[in-house]
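Working notes, beginning with the structure itself.
This is a predicted model, so every value here is computed, not measured. Note that ligands are numbered from 1 as they come in the structure, with each ligand's atoms numbered from 1 the same way. FYI, the numbering just counts along the sequence from 1.
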Amino acid sequence: MTTACAPGKIILLGEHAVVYGRPALALPVRQIRACAHVNPAEIGSPGQIQVRAPSLGPPVWLEELPDDNPLAAICRATLRHLGHPNHPPLLLEIESTIPMASGLGSSAAVSVAVAKGLAAYFEVDVSADELSDLAFQVERLHHGTPSGIDNTVIAHDRPVYFVRDQALEPLAIGGTFHFLIGDTGIAAPTAEAVAEVRSGWQDSRGEFEALFDTIGDLVVAARNALIHGDPAALGSLMSQNHDLLVALGVSCPELDQLAEAACAAGAFGAKMSGGGKGGNMIAAVSADKADLVDAALRRAGAVTVLPTEVAP
Ligand code: PMV
């Protein structure tokens, strides 16, 4: 059996503004992941692939899936990239512990795991950049103007300072940072929030560009806080970023409540993460306050609280 996995992710600062060319920071979240298993199938003909995934219901043959199905799209893009190798009938099974439509990168992680799994089955080395490019082709199906941050942080599986269409800069983390990820339990497709921001930007371009600029400045300051190992500074910048996301119109009362509860319980700072309108909130905490903040988040309505950390 050939198995390949890819982590979830969280955007630390800079979502939405990143679509408009400003920088953003993101971290892989390895406690949750998507995996793809590739095996010879017991039924079918050479060249066929049977796909089994929770999102599809009963197993289906790849050839039956339309081009805009994300799983079909990543399989086809990867097979094209690998030069359409001959193969016996295959079974591709996908499993994921990353909640869908919640800003944790589930779609990009499935794409990266599938591309990596197929490449490994055919014994072809593919780089993180190639995996990221393949997954990006699929991200385009989810919303028309993805920045590429999700596929990048997940394919590279390391913290990133990301600017769209630019080469990745190395990011050296200067200390240990602890985070709690609180889930509102509200599924919120990124495409809708991205479309709302787009229409706001079209109506009030000056105002939105100014908000994006301020978010970009916070991201640069947050990169320095990461480099210098300063979680208090990072937390304060995250809270400022949350206020700007509220101004962009992409937060919601449940996310605001989680962010407020985290800060009231002693977090360094907190913000919504990802597309918004639901999904997840991330709080920066000290190790000794983590339990208190975790309990406060649950009292404030978080359906799950996931601890994660980043270290040098
Ligand atoms: O996939 P999500 O919900 O984490 O959002 C991605 C971040 C956005 O900036 C909102 C969109 C993008 O393409 O960068």
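Each salt bridge (Lys or Arg N to Asp or Glu O under 4.0 Å) pair with one or both residues in residues 266-294, not counting sequence neighbours, appears once here: Glu15-Lys271, Glu196-Lys277, Asp294-Arg298. Applying the salt bridge (Lys or Arg N to Asp or Glu O under 4.0 Å) rule to pairs touching residues 134-150 yields Lys9-Asp150, sequence neighbours excluded.
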Candidate pair Arg30 and Asp157, rule salt bridge (Lys or Arg N to Asp or Glu O under 4.0 Å), full reasoning: CA-CA 8 Å; Arg30 300 200 181 106; Asp157 194 5; 2.8 Å; yes
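Screening Glu93, Glu95, Arg52 against His37 for a side chain to side chain donor-acceptor pair (under 3.5 Å) leaves a single residue, Glu95. Test Asn151, Leu71, Ile74 against Ser111 for side chain to side chain contact (heavy atoms under 4.5 Å, CB included) and you get one pass: Ile74.
For ligand 1, the polar-atom distance check finds an N/O of Ser147 within less than 3.5 Å of one of the ligand's N/O atoms. The shortest N or O to N or O distance between Ile149 and ligand 1 is not below 3.5 Å. The distance criterion of under 3.5 Å between nitrogen or oxygen atoms is met by His16 with respect to ligand 1.
Ligand 1 has no atom lying under 4.0 Å from any heavy atom of Glu139.
Among all non-hydrogen protein atoms, the one lying nearest atom 5 (O) of ligand 1 is Gly275 N, 3.4 Å. Here the heavy atom of the protein found nearest to atom 4 (O) of ligand 1 is Lys9 NZ, 2.6 Å. With hydrogens left out, the protein atom closest to atom 7 (C) of ligand 1 is Ile11 CD1, 3.4 Å, a heavy atom.
Atoms of ligand 1 lying under 4.0 Å from any heavy atom of Thr190, numbered from 1 in the order shown and given with element: 1 (O), 2 (P), 3 (O), 5 (O). Of all the atoms in ligand 1, the ones that sit under 4.0 Å from a non-hydrogen atom of Val19 are 9 (O), 11 (C), 12 (C), 13 (O), 14 (O). Near Glu15, with a cut-off below 4.0 Å to any heavy atom, the atoms of ligand 1 are 9 (O). If you number the atoms of ligand 1 from 1 as listed, the ones under 4.0 Å from a heavy atom of Gly274 come out as 2 (P), 3 (O), 4 (O), 5 (O).
Between Phe179 and Phe177, the ring-plane angle classifies as parallel under the 30° and 60° cut-offs. Using cut-offs of 30° and 60° for the angle between ring planes, the Trp201 and Tyr20 rings count as tilted.
In this structure, Asp133 CG and Thr152 OG1 are separated by 8.0 Å, a value rounded to the nearest 0.5 Å.
Closest heavy-atom contact between Ala267 and Val285: CB-CG1, 3.9 Å.
Counting heavy atoms closer than 4.0 Å to ligand 1, residue Leu104 contributes nothing at all.
Nearest to atom 1 (O) of ligand 1 by heavy-atom distance, out of Leu245, Val18, Asp150, is Asp150.
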